[in-house]
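This structure is a prediction, so every number in the text was calculated from the model and none was measured. So that the names make sense, note that chain A is the first sequence line, chain B the second, and so on, each numbered from 1.
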There are 2 protein chains.
Amino acid sequence: MADVKSTINPLFLREEELRQCIELLFFAYRDFTAGPDQILKDYGFGRAHHRVIHFVGGNPGITVSELLDILRITKQSLSRVLNALVERGFVEQKPGATDRRQRLLYLTEEGKLLEHKISRVQQEQVAAAFRQAGGDAVAGYRKVLEGLISEEDREQAITRIMGR
Amino acid sequence: MADVKSTINPLFLREEELRQCIELLFFAYRDFTAGPDQILKDYGFGRAHHRVIHFVGGNPGITVSELLDILRITKQSLSRVLNALVERGFVEQKPGATDRRQRLLYLTEEGKLLEHKISRVQQEQVAAAFRQAGGDAVAGYRKVLEGLISEEDREQAITRIMGR
DNA sequence: AAAATTAAGTCAACATGGCTGACGTAAAAT
DNA sequence: ATTTTACGTCAGCCATGTTGACTTAATTTT
């Protein structure tokens, strides 16, 4: 069937393939976030808290404005989430050494525990997919996702991800 | 640097790699949804409306319960969005031929226009990433994303995506 | 034919996490 | 001394998810 169509109209298969790949991303992302969401529920936290925990965990001492730049949300949105995390003792703020206006963000011990708990689940899920797909597939996955990041963001995002 | 660490502790690179791939998915998904969001804003619609338009467009005559099963939201959440689309003439409902309780969903001509407009942008974005990454990378991308879908959902999702 | 189940819808209330706008404070840069 | 920057707060709005309770019409089961 697809064979016939692609012989008659080579663009059909391509468009259908693109459609499939788009839906694949939708379903994968949905299941990719399900594990963390489940754990976070026990703490009364949501996905927004997870993002903060994740990026503070991976970038100890990150400033508020750097975090805002990664998350691309308003400081009012961030503050709600960040204040909850600070009040409940998962994140702590220290004034910057050279610039004392800054509040450098760190995970507390409790925060690190939660971060590990969540990322272990997520890493296991991704690791299982990688094992099953093989190393070449992983390389392809990375290439495609990098290309999916918009040009304006790409350099910034990639160096942030890779450069640590 | 990574060389040293991976020589000393081979698990480090693996964990760091997983972390990178997780962030890659976060950033890619963010930019992947940005284009459609932009267009939808002009119509006063959001991402929720897009999902309905997308899946009704790809599955003409889909029932409400099938759609609920794909989107994994409550019927109350769906109804808000679906009613808006029907009222504004982007989706129409027809009673099922064999089971008249069902309301089969179709895009109107206007709905198809919007669907095309959005998916053209998204498909171009994905196509650009594919072109740049190459065919092998695309195969890898698909394999990994399939593996990322949870086992319970996998067969259902995959056959739904591929089987058309 | 009567009873039970199913598909779909509705009303109401609430939570999460985005947003805008306006304004405040302390530290740093000019 | 003035302006800019980093960060914060208050207040209110919007989109989209949730739960729970209940209705209607059509189909299926008994």
Side-chain angles (χ1 to χ4, degrees), chain A residues 26 29-30 33-34 36-56 61-88 91-106, chain B residues 26 29-30 33-34 36-56 61-88 91-106:
Chain A
F26 169 74
Y29 196 81
R30 187 185 65 183
T33 51
D37 285 353
Q38 194 53 43
I39 296 171
L40 290 154
K41 227 170 48 184
D42 298 342
Y43 294 77
F45 290 145
R47 205 172 292 180
H49 302 84
H50 179 208
R51 293 189 194 116
V52 172
I53 289 174
H54 175 90
F55 286 108
V56 171
I62 189 173
T63 66
V64 171
S65 37
E66 284 167 346
L67 189 51
L68 285 174
D69 196 42
I70 292 177
L71 298 177
R72 297 278 182 81
I73 58 177
T74 59
K75 63 179 172 177
Q76 294 93 326
S77 293
L78 175 59
S79 96
R80 213 165 18 201
V81 167
L82 188 54
N83 285 338
L85 288 169
V86 170
E87 273 164 30
R88 304 235 339 246
V91 170
E92 59 181 342
Q93 300 163 305
K94 295 179 188 168
T98 61
D99 185 340
R100 295 198 331 272
R101 288 172 303 181
Q102 299 175 334
R103 315 280 165 97
L104 310 187
L105 304 173
Y106 299 87
Chain B
F26 168 74
Y29 196 81
R30 187 185 66 181
T33 51
D37 285 354
Q38 193 54 42
I39 295 172
L40 290 154
K41 226 171 46 184
D42 298 340
Y43 292 78
F45 290 144
R47 205 171 292 181
H49 303 84
H50 179 208
R51 291 188 195 117
V52 172
I53 288 173
H54 175 92
F55 285 108
V56 172
I62 190 174
T63 65
V64 170
S65 37
E66 284 167 346
L67 188 52
L68 285 174
D69 196 42
I70 291 176
L71 299 177
R72 297 279 180 79
I73 58 177
T74 59
K75 62 177 173 179
Q76 294 93 325
S77 293
L78 175 58
S79 96
R80 210 164 19 202
V81 168
L82 188 53
N83 286 338
L85 289 169
V86 170
E87 273 163 30
R88 305 238 333 248
V91 169
E92 58 180 344
Q93 300 163 306
K94 295 179 187 170
T98 63
D99 185 340
R100 294 195 336 266
R101 289 173 304 183
Q102 298 175 336
R103 315 279 166 98
L104 309 187
L105 305 173
Y106 300 86

Look at [X] and [N] and indicate whether a side-chain polar atom (N or O) is within less than 4.0 Å of OP1 or OP2.
X	N	value
B:S65	C:dA8	yes
B:S77	D:dT18	yes
A:H49	C:dG17	yes
A:R51	C:dG18	yes

Without decimals, in angstroms, what is the distance between [X] [atom1] and [N] [atom2]?
X	N	atom1	atom2	answer
A:D37	C:dT16	CG	C1'	12 Å
A:L78	C:dG18	CG	P	9 Å
B:L85	D:dT16	CG	C1'	14 Å
A:L104	D:dC7	CG	C1'	12 Å
A:L82	D:dG8	CG	P	7 Å
A:L68	D:dG8	CG	C1'	11 Å

Would you please name every residue forming a side-chain hydrogen bond (donor to acceptor under 3.5 Å, both in side chains) with [X], sequence neighbours left out?
X	value
B:N83	none
B:R88	none
A:S77	A:T74
A:Y106	none

Practice task
Using the test ring-ring contact (aromatic ring centres under 6.0 Å, His included), find all partners of B:F26 that sit at least two apart in sequence or belong to another chain.
Solution key: A:F55
Problem - Non-neighbouring partners of B:H50 that pass ring-ring contact (aromatic ring centres under 6.0 Å, His included), sequence neighbours left out - result: none
Problem - Main-chain N/O of A:T63 paired to A:E66 side chain as donor or acceptor, under 3.5 Å - result: yes
Exercise for the section: Select base, sugar-phosphate, or nothing to describe what A:Q93 touches, counting heavy atoms under 4.0 Å on all strands. Expected result: sugar-phosphate
Please write out each protein N/O paired with an N/O of nucleotides 24-28 of chain D under 3.5 Å, distance rounded to 0.1 Å.
residue, atom, partner, partner atom, Å
D:dT27, OP1, B:T98, O, 3.4
D:dT27, OP1, B:R100, N, 3.0

Problem - Position toward the 5' end of DNA chain C (nearest nucleotide), A:G44 or A:T74 - result: A:G44
Handout entry: Partners meeting side-chain contact (heavy atoms from CB on, under 4.5 Å) with A:T33 (sequence neighbours left out)
Key = A:Y29, A:D37, A:R47
Exercise for the section: When you get a sec, tell me which of C:dC19, C:dA8, D:dC7 is the closest nucleotide to the side chain of A:I73? Expected result: C:dC19
Handout entry: Side-chain touch B:L82/B:V56, heavy atoms, less than 4.5 angstrom
Key = no
Pairs: protein N or O with nucleotides 10-13 of chain C N or O, under 3.5 Å:
residue, atom, partner, partner atom, Å
C:dT10, OP2, B:N83, ND2, 3.3

